[in-house]
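Inspection log for the structure reproduced underneath, given as C-alpha cells.
Sequential numbering from 1 along the given sequence is applied to the chain's residues. FYI, side chains are in, hydrogens and waters are out, and symmetry mates aren't considered; it's all heavy atoms of this structure. In this text the structure is predicted, and so the values were computed from the model without any measurement.
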Amino acid sequence: MSEAFYTDKSRVRASFERAAASYDSAAVLQREVCDRMAERLDYIKLQPQVILDAGSGTGYGSAALRQRYPDARVLELDLAHAMLAASREKQRAGQGMLSRLFKPQQPWQLCADVERLPLADNSVDMIWSSLTIQWVNVPDQVFAEFQRVLKPGGMLMFATMGPDTLFELREAFGHADGATHVNQFIDMHDLGDALMAAQFSEPVMDMEKIVLTYEHAREVMQDLKAIGAHNATAGRGRGLMGKHAWQRVVDAYEQRRHNGQLPATYEVLYGHAWKGEPKKKPTILPDGRQVIEFTRNAPKR
C-alpha cells in the first residue's frame with residue numbers, strides 16, 4: 001500500500017475525540033451495521049462470560065451485547081476517551097434514581113489502541129468489533145492481538161469497510177487535485193488472508209453494499225465530520241480547499257444524482273472466526289528424538 005494512503009492514528013484519535021458529542025446524531029449507518037452484526041449472533045451458539053467491544057464508540061453495540069448476554073461482562077475499549085465518556089453518561093442516564101444513589105453501575109472501559117490491547121492472554125471469550133478495523137493500516141497486528149487475548153474456543157466477530165466505500169466522493173475529489181481526500185480501505189480477500197495468517201480457524205467473510213442518499217454534496221461531508229470520519233491519510237492535503245476546487249468536486253458529484261438524490265455507497269465487510277484449541281506439544285527425548293503416539297482402536301464385538 002502506498003504510504004500516501006496510510007492513516008495517521010493521532011489524527012484519527014483527535015477526530016473521534018471532537019466528534020463524541022455529535023456522533024449519535026449522524027451515526028445512522030453505524031447503528032444499522034451494528035444491528036445487522038447482532039442478527040448474525042442468532043445463528044451462533046456461544047455463551048461468553050467476558051466480551052470485548054473493540055472500538056466501542058458511544059456504546060451502542062455494547063448496550064446490545066449486555067442485553068443479549070446479561071450475565072456477561074462487557075469491556076468497552078476505544079481509542080478516544082470522549083467516546084467512552086459519552087457511553088458512560090448514556091448508561092448513567094438510563095439507570096433509575098435509586099440505582100444511581102445506592103448501587104451505581106459503572107461500565108468496564110479501557111481507553112486504548114486495538115493494536116496494543118491492555119489485556120492478558122486468553123482472557124476474553126468473544127471479541128466484537130463494529131467498524132473499527134478500517135482505521136488500522138495493516139490488519140495483521142490487530143488480528144494477532146485479538147488471537148492473543150481470546151480464550152481457546154473464543155470467537156471474533158467484526159464489520160469493517162471495503163475499498164468501494166464512498167467511491168462516488170473519491171472520484172469527485174479526483175477532479176480537484178492530486179491529494180487523497182477519502183480514506184482507503186482493505187479488500188475482503190486480504191482480510192481473510194490476515195485471519196488465516198493470525199491462525200484463526202473457520203473464517204467466514206461476506207459483503208454487502210449500503211447506499212445512503214443526500215440532497216447536497218456538503219451533507220455527505222457534514223455527516224462524515226459529525227461521526228469523526230475525517231480524512232486521516234498521510235497523503236491528504238494540508239490546507240483548505242479553495243472555492244473553485246470545491247465547486248469542481250460538487251459538479252463532478254452532481255453527475256451521480258439519481259431521482260433527485262446523491263448516493264453515498266458503503267461497502268460493508270462482515271467476518272467471524274474462531275480461536276482453535278491449543279495443539280498438544282510433542283514429547284521430545286533428551287537425544288532430540290520426537291515421540292509419536294499411535295492409538296489402537298479396540299476390536300468390535
Side-chain angles (χ1 to χ4, degrees), residues 1-2 4-7 12 15-16 19 23 26-41 54-55 57 60-61 114 127-140 142-143 146 156-175 180-196 200 203-214 217 219-236 249 252-253 255-259 261-273:
M1 184 187 297
S2 169
F5 295 144
Y6 269 63
T7 56
V12 171
S15 294
F16 283 115
Y23 184 88
V28 176
L29 175 80
Q30 286 68 26
R31 288 190 291 271
E32 180 64 25
V33 170
C34 208
D35 290 343
R36 296 187 187 193
M37 276 182 66
E39 291 174 359
R40 286 163 162 76
L41 292 174
Y60 183 83
V114 292
I127 297 176
W128 164 282
S129 183
S130 181
L131 300 183
T132 296
I133 295 174
Q134 70 264 18
W135 297 110
V136 305
N137 291 306
V138 181
D140 301 65
V142 68
F143 285 158
F146 289 167
L156 163 64
M157 175 172 280
F158 65 91
T160 187
M161 294 298 182
D164 277 349
T165 296
L166 296 174
F167 74 89
E168 303 98 340
L169 186 61
R170 182 181 298 109
E171 290 180 1
F173 270 115
H175 292 264
T180 59
H181 293 272
V182 180
N183 293 308
Q184 303 287 318
F185 303 116
I186 302 170
D187 182 82
M188 181 171 68
H189 301 291
D190 292 333
L191 287 172
D193 290 343
L195 284 171
M196 296 296 291
F200 277 96
V204 176
M205 298 286 305
D206 64 288
M207 179 273 288
E208 67 177 341
K209 291 186 177 180
I210 300 176
V211 181
L212 303 185
T213 56
Y214 295 87
E219 294 176 354
V220 182
M221 302 300 295
Q222 288 168 352
D223 268 6
L224 292 174
K225 181 179 180 180
I227 63 171
H230 292 277
N231 174 23
T233 56
R236 66 185 182 275
V249 174
Y253 210 150
Q255 302 303 312
R256 298 279 183 180
R257 188 175 290 277
H258 180 70
N259 293 332
Q261 298 288 312
L262 293 174
T265 298
Y266 291 85
E267 181 183 4
V268 185
L269 310 180
Y270 301 94
H272 73 266

Closest heavy-atom pair and its distance - A38, W128: N-CH2, 3.6 Å
Minimum-distance pair of heavy atoms, taken over all atoms of A26 and A226: CB-CB, 3.6 Å
Straight-line distance of D35 CG to Q30 CD, nearest 0.5 Å: 11.5 Å
Closest approach of A217 to Y253 (non-hydrogen atoms, all atoms of both residues): CB-CD1, 3.9 Å
Reference residue Y266; test side chain to side chain contact (heavy atoms under 4.5 Å, CB included); the match among L131, L166, V211: L166
Test log, rule side-chain contact (heavy atoms from CB on, under 4.5 Å), inputs F200 and F146: CA-CA 10 Å; F200 277 96; F146 289 167; 4.0 Å; yes
side-chain contact (heavy atoms from CB on, under 4.5 Å) assessment of L224 paired with L169: CA-CA 11 Å; L224 292 174; L169 186 61; 3.9 Å; yes
Worked check of side-chain contact (heavy atoms from CB on, under 4.5 Å) between R40 and M157: CA-CA 9 Å; R40 286 163 162 76; M157 175 172 280; 3.8 Å; yes
Point-to-point distance, once rounded to the nearest 0.5 Å, from CZ of F173 to CE of M221: 4.0 Å
Polar side-chain atom of D187 near backbone of H189 as donor-acceptor pair, under 3.5 Å: yes
Gap between atom CE of M207 and atom OH of Y270 - 0.5 Å precision: 11.0 Å
S130 versus V33, closest heavy-atom pair with distance: OG-CG1, 4.0 Å
Distance (rounded to the nearest 0.5 Å) between T165 OG1 and L269 CG: 7.0 Å
Taking every non-hydrogen atom, the tightest pair across V220 and A264: CG1-CB, 4.5 Å
Parallel, tilted or perpendicular: ring planes of F16 versus W135, cut at 30 and 60 degrees: perpendicular
CG on D223 to CD on E219, rounded to 0.5 Å: 8.0 Å
Set of residues satisfying side chain to side chain donor-acceptor pair (under 3.5 Å) with respect to T160, sequence neighbours excluded: Q134
Rounded distance [0.5 Å steps], CG in N137 versus CD in Q184: 11.5 Å
Centroid-centroid distance, Y60 to Y23, less than 6.0 Å: no
With R36 via salt bridge (Lys or Arg N to Asp or Glu O under 4.0 Å) - residues at least two apart: E32, E208
Heavy-atom pair of closest approach, residues A54 and V114: CB-CG1, 4.0 Å
Stepwise side-chain contact (heavy atoms from CB on, under 4.5 Å) check, L195 with F158: CA-CA 12 Å; L195 284 171; F158 65 91; 4.1 Å; yes
Salt bridge (Lys or Arg N to Asp or Glu O under 4.0 Å) contacts touching residues 164-174 (sequence neighbours left out): D164-K209, E171-R256
More than 12 heavy atoms of other groups within 6.0 Å of M196 CE: no
